[in-house]
Protein chains: 2
Amino acid sequence: MVAMEKKNKKQRKRWREKMNDDDDDDDEKVEDEEENEGKNINGGERQREHPFIVTEPGEVARGKKNGLDYLFHLYEQCREFLIRVQVIAKDRGEKCPTKVTNQVFRYAKKAGASYINKPKMRHYVHCYALHCLDEDVSNELRRVFKERGENVGAWRQACYKPLVAIVTRQGWDIDAIFNSHPRLSIWYVPTKLRQLSHSERNNAAIASTSVGINC
Amino acid sequence: MVAMEKKNKKQRKRWREKMNDDDDDDDEKVEDEEENEGKNINGGERQREHPFIVTEPGEVARGKKNGLDYLFHLYEQCREFLIRVQVIAKDRGEKCPTKVTNQVFRYAKKAGASYINKPKMRHYVHCYALHCLDEDVSNELRRVFKERGENVGAWRQACYKPLVAIVTRQGWDIDAIFNSHPRLSIWYVPTKLRQLSHSERNNAAIASTSVGINC
DNA sequence: GACACGGGCGACCAGCGGACGGTGAGCTA
DNA sequence: TAGCTCACCGTCCGCTGGTCGCCCGTGTC
């Protein structure tokens, strides 16, 4: 219990430093720089990260929670890990990944970023996509959902709608939208987002057909 | 034995028709259009294709052999199958392959092109690459190896050298070379070619270092 | 007909992208 | 402190990309 407290204080400290420090990655081997008590020295199993809560832009989560700026920062960190993996691969003349693959997650973990893992990152990709594609809309959604006291799951679900609206406006080609954005292009398009975009296209097609018939 | 004869006559006929017919793909369900004798009606197992021999450009292989123009044509057919798979995927709102994947090979087989298979196509990718990137050099190599009476294996091996020379001239980035060529970009870079390109880069680096020291 | 050569492609493998839901952290009363 | 909510991430799964070498078609004598 006490060990846990310390671990997570360290975690948030790292995050705040990052915000001030202008974002350069120096977090390999930073483990166990403070106290080494309890089951923290890899004696027990890894502690899970604090859950996310809906925060407004710029707001730091209080208590045993993490905020959404921190969530999005994780995506930027993954991008940096990918770039490093790419440099190594090119240097060795090996296949060079263009996406955040298992290999990148493995590299991140070895580099000490044990708080990054595949299921988590994949879970929130579409939320990050909205943040990338229309930060204003994303920010507004966060404010509204925070005010309403909604939980993270509800906010996550709600991210789909404005995203599909964007996709619709641009011709329903979600892959093209991801690929043409420099920070988004390294992430696989989530299946559900692809499906929603596609059924929205079908809806539009049917609607326009009906209009055609009616006129 | 007799069944085999007929089957392969049909095979070559298809290929010749293709050359005249200006290349449009109408070969789904062309199976069993002539005789239906023997074990050919899917009674037995699939017959393997005739082996390739080294032929000069334009030369049709004689006897129970296939020529290299036919080999390269197989790559064009795969490209057409990929394009069809892409159209279907886009239409259904599914992930859209950019490369010739297992899915494309499966589609080709279902469409009746049972003579296309993954190990074969992967085996000769670098030969096709040379054909795409410098047809003159490729043609000359074929003529020389035919004249010398070399077998296909020897010709295949020999394709690496001029290819690595091209890669070297363009900065050792084999992925960039493949990706920037419209017909080559759909093929995965063969591991061996990547390794050869990389060690050639290292050789060049060492050489230039030595020169630096000596001067 | 028998034999040797050589290459076509069936079948395998490590690891991939993708998904789910049981723990167990965390909050409230 | 007990109870109960909910989301983190260990772990699984259908396949993928990549490869090897067996089997047998083929030419020769």
Side-chain angles (χ1 to χ4, degrees), chain A residues 1 3-5 7-8 44-54 61-66 71 74 94-95 97 99-106 108-109 114-125 127 149-157 187-195, chain B residues 1 3-5 7-8 11 44-54 61-66 71 74 94-95 97-106 108-109 114-125 127 149-157 187-195:
Chain A
M1 275 296 201
M4 231 188 308
E5 288 262 26
K7 173 92 191 282
N8 276 297
E45 62 218 23
R46 289 192 47 252
Q47 294 299 323
R48 58 166 95 161
E49 291 297 291
H50 290 156
F52 290 107
I53 53 165
V54 182
R62 313 209 142 262
K64 293 158 176 286
K65 295 291 183 184
N66 281 311
L71 170 61
L74 259 31
E94 293 169 359
K95 266 192 20 162
K99 304 271 189 189
V100 178
T101 59
N102 284 350
Q103 189 190 9
V104 174
F105 289 120
R106 231 180 293 123
K109 193 147 290 174
S114 61
Y115 47 89
I116 288 176
N117 63 70
K118 181 171 64 164
K120 172 159 66 188
M121 300 314 291
R122 295 261 184 268
H123 196 60
Y124 293 108
V125 166
C127 307
E150 301 274 11
N151 64 30
V152 166
W155 166 74
R156 181 180 168 277
Q157 281 302 318
W187 297 97
Y188 289 109
V189 175
T191 307
K192 192 165 178 182
L193 179 57
R194 191 196 306 283
Q195 288 168 344
Chain B
M1 276 296 200
M4 229 189 307
E5 289 262 24
K7 173 90 192 283
N8 277 295
Q11 177 75 43
E45 62 218 24
R46 290 192 44 253
Q47 294 300 322
R48 57 167 94 163
E49 291 298 291
H50 289 155
F52 290 108
I53 53 163
V54 182
R62 314 210 141 260
K64 293 159 176 285
K65 297 289 181 185
N66 279 312
L71 170 62
L74 259 30
E94 293 169 0
K95 269 196 10 168
T98 59
K99 304 271 189 187
V100 178
T101 60
N102 284 350
Q103 188 191 10
V104 174
F105 289 120
R106 230 180 292 123
K109 193 147 291 175
S114 61
Y115 48 90
I116 288 177
N117 63 69
K118 180 170 64 162
K120 171 159 67 187
M121 300 315 289
R122 296 262 187 267
H123 195 62
Y124 294 106
V125 166
C127 308
E150 300 275 9
N151 63 30
V152 166
W155 166 75
R156 182 180 167 276
Q157 282 303 318
W187 297 97
Y188 290 108
V189 174
T191 306
K192 193 164 179 182
L193 178 58
R194 193 197 304 283
Q195 288 167 344

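First the proteins, then the strands, lettered A, B, ... as listed; each starts at 1.
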Could you state the atom-to-atom distance from [atom1] of [X] to [atom2] of [N] in whole Å?
X	N	atom1	atom2	answer
Tyr188(B)	dT16(D)	OH	P	10 Å
Arg194(B)	dG17(D)	CZ	P	14 Å
Phe52(A)	dC8(D)	CZ	P	6 Å
Ile116(A)	dG10(D)	CD1	P	13 Å
Ile53(A)	dA25(C)	CD1	P	19 Å
Glu94(A)	dG15(C)	CD	P	13 Å
His50(A)	dC6(D)	NE2	C1'	15 Å
Asn66(B)	dG25(D)	CG	C1'	13 Å

Does a distance-only test, which skips hydrogens and angles, find a donor-acceptor pair under 3.5 Å between the side chain of [X] and the base of [N]?
X	N	value
Asn102(A)	dG15(C)	no
Lys118(B)	dG17(D)	yes
Lys65(A)	dG26(C)	no

If you check the [X] side chain, which of [options] turns out closest?
X	options	result
Val152(A)	dG26(C), dA7(D), dG17(D)	dA7(D)
Lys64(B)	dC9(D), dG25(D), dG27(D)	dG27(D)
Lys95(B)	dC27(C), dG18(C), dC9(C)	dG18(C)
Gln103(A)	dG26(C), dC16(C), dG7(C)	dC16(C)
Arg122(B)	dG17(D), dG26(C), dG25(D)	dG17(D)
Pro51(B)	dA7(D), dT26(D), dC9(D)	dT26(D)

Looking at side-chain heavy atoms only, is the closest gap between [X] and [Y] below 4.5 Å?
X	Y	answer
Arg48(B)	Lys120(B)	no
Trp155(A)	Phe52(A)	no
Asn117(B)	Lys109(B)	yes

Can you give me the closest heavy-atom contact between Ile53(B) and Val152(B), atom names plus distance?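 Between these two residues, the closest heavy atoms are CA-CG2, 3.4 Å.
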For Asn66(A) against Ala61(A), the heavy-atom pair lying closest together: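 Scanning both residues, the minimum pair turns out to be C-CB, 3.5 Å.
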Distances for protein N or O near nucleotides 20-23 of chain D N or O, under 3.5 Å:
residue : atom : partner  : partner atom : Å
dC23(D) : O2   : Arg48(B) : NH2          : 3.1

Just call it for Arg156(A): base, sugar-phosphate, or nothing, with non-hydrogen atoms closer than 4.0 Å on any strand.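 Here Arg156(A) touches no strand at all.
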Base, sugar-phosphate alone, or nothing: which one does Phe105(B) contact when heavy atoms must sit under 4.0 Å apart?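 No contact.
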For the NZ atom of Lys95(B) and the OG1 atom of Thr191(A), what is their distance to the nearest 0.5 Å?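 Lys95(B) atom NZ to Thr191(A) atom OG1 measures 7.5 Å (nearest 0.5 Å).
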Could you measure the distance from the CG atom of Leu74(A) to the CD atom of Glu49(A)? Nearest 0.5 Å is fine.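 So the gap between those two atoms works out to 8.0 Å.
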Here's a test of your reading of the structure: between Arg62(B) and Lys99(B), which maps to the more 5' nucleotide of DNA chain D?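 Result: Lys99(B).
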Between Lys109(A) and Asn151(A), which has a closest nucleotide on DNA chain D that is more 5'?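 Its nearest nucleotide being more 5', the pick is Asn151(A).
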Is the phosphate of dC8(D) approached by Lys120(A) (side-chain N or O, under 4.0 Å from OP1 or OP2)?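 No, Lys120(A) has no side-chain N/O under 4.0 Å of OP1/OP2 on dC8(D).
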Below 4.0 Å: OP1/OP2 of dC8(D) and any side-chain N or O of Tyr124(A):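 Result: yes.
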With under 30° as parallel and over 60° as perpendicular, where do the rings of Trp187(A) and Phe105(A) fit, or are they tilted in between?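 The rings of Trp187(A) and Phe105(A) sit tilted, inter-plane angle from 30° to 60°.
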